[in-house]
Student: 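Okay, handing you the structure first.
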Amino acid sequence: MLDVAGELGLWMREEREFAVATVVSVGGSAPRGPGAALAVDSEGTAVGSVSGGCVEGAVYDLCLQALETGQSVTQRFGYSDEDAFAVGLTCGGTIDVLVTPVRGQGPDRTVLAAALAAAGRSEPTALVRVARGPAELLGRPLLVRDDGTYDGALGGHADLDSAAAAEGRALLEAGRTGTVDVSADGSHCPGGLTLLVETHIPPPRMIVFGAIDFASALARAGKFLGYHVTVCDARPVFATAARFPEADEVVTDWPHRYLRRTTTDARTVLCVLTHDAKFDVPLLKEALGMPVSFVGAMGSRRTHQDRERRLRDEGVSERELARLRSPIGLDLGARTPEETALSIAAEIVAARRGGTGVPLTGAHTPIHHDRPPAEPADRARHFAAHSSAPPENGSGRGEPPPGEPPPALRGTTPPWRESWPFPTSGLPSR
């Protein structure tokens, strides 16, 4: 439900009646993961998606039925090879869907409205609902905040709400949506109830250094991918909001000084497009020692070699240099700023999801990756072992090797907890 919080928040304010279908769990190759949602109002208007098109029609009908009956239901959709036209996932996977009607005025609607409003304000939010259990509990909601407080009631045993709130907070701290099995009395004995916990956390940051035309295109791509985008440049004539209308903020400061003072976390993406050693070297020296998810720098291969030499002279270790993705982007043959931004965005997604960056055509690797991404050096070595062609721009071929995130990224602290709101004022004067 939080997947379409913006639209549903508007429907709540307009006092519409609607039903929401939410993916509870997936098996095999499913197009969308837990938390994906499709909502239908009483006039038949639909927003969202649960399967990318495979079973949308059937789920749409389930939503209309739930609106009529007022009852929450669960339904499994899987692949059917007996009838090519049967409702199912042609990709061969399975999804379990929870359909919840939101009608009239009542405590459940109040809890859902509060959860949607909190998500709309980018506040850390967990929404817990009963996805499997007695019919009278199915779909009942609980709103959990990051401090552990909660609103609502699941309607079961007195200890169930506190147990559900604890589980919701745990998944919220991990920034993960998923299911938890508990007993009807809130203990963790097998059987009983399955709780769907949807979480919403503040968007990750993308900081683009260098106020050039490529940065403008990358800012648009970053917003499309859901990042909070900052553009930073030391030159006031170039670092203007008018030149970067899609960016959330435009900062005039020396890049390395801004990076040192601003807030980052383990989901932050840093893209260095300054292409000038006096900016690049001090900035990358800072960036490569920080626990961020991605550090990439633009430039030719000759520029990259010179940059690496300068960084070594500055005391940057080989382990830190191995984190640098340079030249930034996948080999798409990009020429224009927009094509280059697509190339960079593709590498960011591949790094985040553990993809290889090679065409899916003819490949025998999973389409959807659940493993952690490999570091750039690991990807290059794996490429060399599985292909006769040289790697380009850090992209490999074949299945990526199992890997762990860099040591700086390991830990138990929630990656977003100390990183919101992002500072937008009070920057040091030059």
Side-chain angles (χ1 to χ4, degrees), residues 122 202-265 267-300 303-304 306-307 310-311 314 324-329 334-348 416 419-430:
S122 290
R205 294 191 75 181
M206 172 186 285
I207 309 179
V208 183
F209 297 97
I212 60 176
D213 49 356
F214 291 94
S216 179
L218 184 56
R220 294 194 296 273
K223 290 300 295 181
F224 178 75
L225 292 177
Y227 285 92
H228 178 100
V229 179
T230 300
V231 176
C232 175
D233 197 296
R235 301 163 295 180
V237 67
F238 296 117
T240 66
R243 297 190 68 226
F244 300 95
E246 293 84 4
D248 294 287
E249 54 184 338
V250 180
V251 174
T252 302
D253 200 354
W254 281 83
H256 71 284
R257 187 166 65 179
Y258 174 69
L259 181 59
R260 190 182 300 147
R261 294 174 181 270
T262 194
T263 305
T264 60
D265 61 34
R267 301 179 299 150
T268 300
V269 167
L270 305 178
C271 300
V272 180
L273 311 186
T274 46
H275 203 214
D276 186 331
K278 69 175 178 290
F279 295 123
D280 293 358
V281 173
L283 172 59
L284 288 172
K285 182 180 178 181
E286 289 285 339
L288 293 173
M290 301 177 71
V292 296
S293 70
F294 183 99
V295 181
M298 177 178 282
S300 67
T303 298
H304 171 65
D306 178 69
R307 185 188 288 137
R310 292 173 182 267
L311 288 169
E314 290 292 322
L324 177 59
R325 296 175 181 268
S326 174
I328 193 172
R335 291 286 184 181
T336 68
E338 290 73 21
E339 290 173 345
T340 303
L342 177 62
S343 166
I344 295 171
E347 185 177 22
I348 290 170
W416 51 266
S419 63
W420 190 263
F422 301 134
T424 58
S425 62
L427 292 173
S429 62
R430 299 187 66 207

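Hydrogens, waters and symmetry mates play no part in the numbers below; they use all other heavy atoms, side chains included. Just so you know, residue 1 is the first one in the sequence shown, and it goes up from there.
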Student: Taking only residues two or more places apart in sequence, or in another chain, which ones meet Glu314 in a salt bridge (Lys or Arg N to Asp or Glu O under 4.0 Å)?
Tutor: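 Checked Glu314 against salt bridge (Lys or Arg N to Asp or Glu O under 4.0 Å); matches are Lys285.
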Student: CH2 of Trp254 to CG of Leu259: how many Å apart, nearest 0.5 Å?
Tutor: 15.0 Å
Student: Go through the structure and list residues passing side chain to side chain donor-acceptor pair (under 3.5 Å) with Glu246, not counting sequence neighbours.
Tutor: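 Counting only residues at least two positions away or on another chain, Glu246 forms no side chain to side chain donor-acceptor pair (under 3.5 Å).
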Student: State which residues pass side chain to side chain contact (heavy atoms under 4.5 Å, CB included) with Arg243; sequence neighbours excluded, sorted by chain then number.
Tutor: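 Applying side chain to side chain contact (heavy atoms under 4.5 Å, CB included) to Arg243 gives Ala211, Phe238, Thr240.
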Student: Asp280: which residues meet the side chain to side chain donor-acceptor pair (under 3.5 Å) condition with it, sequence neighbours left out?
Tutor: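 Testing Asp280 for side chain to side chain donor-acceptor pair (under 3.5 Å), a comparison that skips the adjacent residues, returns Thr274, Arg307.
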Student: Could you go through Val281 and Leu311, starting from their C-alpha distance and side-chain angles, then the distance that decides it, and tell me whether this counts as side chain to side chain contact (heavy atoms under 4.5 Å, CB included)?
Tutor: CA-CA 6 Å; Val281 173; Leu311 288 169; 4.0 Å; yes
Student: Locate the shortest heavy-atom distance separating Val269 from Ser293; write the atom from each residue and the value.
Tutor: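 Nearest pair, atom of Val269 first, then Ser293: CG2-OG, 3.8 Å.
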Student: Just grab all the salt bridge (Lys or Arg N to Asp or Glu O under 4.0 Å) pairs involving residues 288-297, residues at least two apart or on different chains.
Tutor: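 Sorted pair list comes back empty.
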Student: Write down the atom of Pro204, the atom of Gly226, and the distance for their closest heavy-atom approach.
Tutor: CD-O, 3.9 Å
Student: I need the Arg325 CZ to Cys271 SG distance, nearest 0.5 Å.
Tutor: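 So the CZ of Arg325 and the SG of Cys271 are separated by 11.0 Å.
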Student: Decide yes or no on side chain to side chain contact (heavy atoms under 4.5 Å, CB included) for Ile207 and Val292, but give the supporting numbers first.
Tutor: CA-CA 11 Å; Ile207 309 179; Val292 296; over 6 Å; no
Student: Side chains of Met290 and Val295: closer than 4.5 Å at any heavy-atom pair?
Tutor: no
Student: Please identify each residue that fulfils side chain to side chain donor-acceptor pair (under 3.5 Å) with Thr230, with sequence neighbours left out.
Tutor: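 In terms of side chain to side chain donor-acceptor pair (under 3.5 Å), with neighbours along the sequence ignored, Thr230 is linked to Arg205, Glu249.
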Student: Using the test side chain to side chain contact (heavy atoms under 4.5 Å, CB included), find all partners of Asp213 that sit at least two apart in sequence or belong to another chain.
Tutor: Pro337
Student: Please assess Lys223 against Asp248 for the test side chain to side chain contact (heavy atoms under 4.5 Å, CB included), listing each intermediate value before the final yes or no.
Tutor: CA-CA 9 Å; Lys223 290 300 295 181; Asp248 294 287; 3.0 Å; yes
Student: Roughly how far, to the nearest 0.5 Å, is CD of Glu286 from CZ of Arg260?
Tutor: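 Between Arg260 CZ and Glu286 CD, I get 4.5 Å after rounding to 0.5 Å.
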Student: First locate atom CD1 of Ile348, then atom CE of Met206, and finally report the distance between them rounded to the nearest 0.5 Å.
Tutor: 3.5 Å
Student: Do you know which two heavy atoms are closest between Gly329 and Glu347, and how far apart they sit?
Tutor: N-OE1, 2.6 Å
Student: Which one of Leu273, Ile328, Leu342 satisfies the side chain to side chain contact (heavy atoms under 4.5 Å, CB included) criterion with Leu218?
Tutor: Leu273
Student: Minimum heavy-atom separation for Ser122 and Pro202, please, with both atom names.
Tutor: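 Shortest heavy-atom contact: O-CG, 3.6 Å.
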Student: Identify, with sequence neighbours excluded, every residue that meets side chain to side chain donor-acceptor pair (under 3.5 Å) alongside Thr340.
Tutor: none
Student: OH of Tyr258 to OG1 of Thr262: how many Å apart, nearest 0.5 Å?
Tutor: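 That separation rounds to 3.5 Å.
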Student: Which residues pass the ring pair (Phe, Tyr, Trp, His ring centres under 6.0 Å) test with Phe214, not counting sequence neighbours?
Tutor: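 With neighbours one apart ignored, the set is empty.
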Student: Leu284 and Ala297: which non-hydrogen atoms are nearest, and at how many Å?
Tutor: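 Result for this residue pair: CD1-CB, 4.1 Å.
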Student: Is a donor on one side and an acceptor on the other found under 3.5 Å between the side chain of Thr252 and the backbone of Ala234?
Tutor: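 Not a single qualifying donor-acceptor pair exists.
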Student: Over all heavy atoms of both residues, which pair between Ser326 and His304 is shortest? Give the atoms and the distance, please.
Tutor: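 So the two residues come closest at OG-ND1, 2.9 Å.
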